[in-house]
Amino acid sequence: MNDIRVRLDKWLWAARFYKTRALAADEADRGRVSVNGLAAKPARELHVGDRVALRQGSVERVVDVLVLGTVRGPAPVAQTLYCETAESIAARERAAEARRLQPEPAASIEQGRPTKRDRRQLADWNRWSASVDDERS
């Protein structure tokens, strides 16, 4: 029997889902990580075969634990610790496609902060209009 014990937050960090162990623990505390369908605390012990569902920003991922690792290594090694489910991969691809097809938010801005050129034109216009207004009074 495998006698290695691995905390959930440490495994999430080693598998490179989160940049720091503190971030992994924080996400688990907020209820964004579940193990086998149940909300999990950071100190929960993981076992090979557990199904972990987590959120990375707006991305929802579901992975099966293959290896219990405690050391954070390079990304190719970290990817051997888990296997992402086919449904999770398909959902991530659909979400990425939906984000790609959404309109660019900046394109909807018709007026915003003026560029340097706009600012100079405004300053030039204001200078001339101010002198015209002064002559009328």
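Quick caveat: nothing in here was measured; it's all calculated off a predicted structure.
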In Glu87, Glu84, Glu97, the residue satisfying salt bridge (charged side-chain N to carboxylate O under 4.0 Å, His left out) with Arg92 is Glu84

* Give the intermediate values and the outcome of side-chain contact (heavy atoms from CB on, under 4.5 Å) for residues Arg99 and Ser58. => CA-CA 11 Å; Arg99 279 192 309 272; Ser58 63; 4.2 Å; yes

Rounded to the nearest 0.5 Å, the CZ atom of Arg72 sits from the CG atom of Leu12 at a distance of 11.0 Å

Nearest heavy-atom approach of Ala28 to Lys41 is CB-C, 4.2 Å

Interatomic distance, CD1@Ile89 vs CZ@Arg61, rounded to 0.5 Å, equals 8.5 Å

The reported gap from CZ in Arg32 to OH in Tyr18 (rounded to nearest 0.5 angstrom) is 8.0 Å

Heavy atoms of Asp50 and Glu45 approach each other most closely as OD2-O, 4.4 Å

>> Is there a continuous path of hydrophobic side-chain contacts, each under 4.5 Å between heavy atoms, that joins Val48 to Ile4?
In response: yes

Close side-chain approach of Arg44 and Arg7, heavy atoms under 4.5 Å: no

When rounded to the nearest 0.5 Å, the distance separating CG of Leu23 from CG of Asp9 is 11.0 Å

Original post:
Do Asp124 and Arg120 meet the salt-bridge criterion of a basic N to acidic O distance under 4.0 Å?
Top reply: no

(request) Show your working on side-chain contact (heavy atoms from CB on, under 4.5 Å) between Val65 and Val6 and close with a plain yes or no. (result) CA-CA 11 Å; Val65 178; Val6 179; over 6 Å; no

Scanning both residues in full, the closest heavy-atom pair of Gly73 with Arg16 reads O-NE, 2.6 Å

Between Thr85 and Asp64, the two heavy atoms sitting closest are CG2-OD2, 4.0 Å

In short, Val35 meets Val52 closest at the heavy-atom pair CG2-CG2, 4.3 Å

All heavy atoms of Ala14 vs all of Ala78, minimum pair found to be O-CB, 3.6 Å

For residues 63-84, the ring-ring contact (aromatic ring centres under 6.0 Å, His included) pairs (sequence neighbours left out) are Phe17-Tyr82

So CD of Glu93 and OG of Ser88: to nearest 0.5 Å the spacing works out to 10.0 Å

*asked:* Count I, L, V, M, F, W, Y as connected when their side-chain heavy atoms are under 4.5 Å apart, and connections chain through other members. Are Val33 and Leu68 then in the same cluster?
replied: yes

Between Thr80 and Leu66, does a side-chain contact (heavy atoms from CB on, under 4.5 Å) hold up when you go through it step by step?
-> CA-CA 7 Å; Thr80 63; Leu66 299 178; over 6 Å; no

Between the CH2 atom in Trp11 and the OG1 atom in Thr70, the distance rounded to the nearest 0.5 Å is 13.0 Å

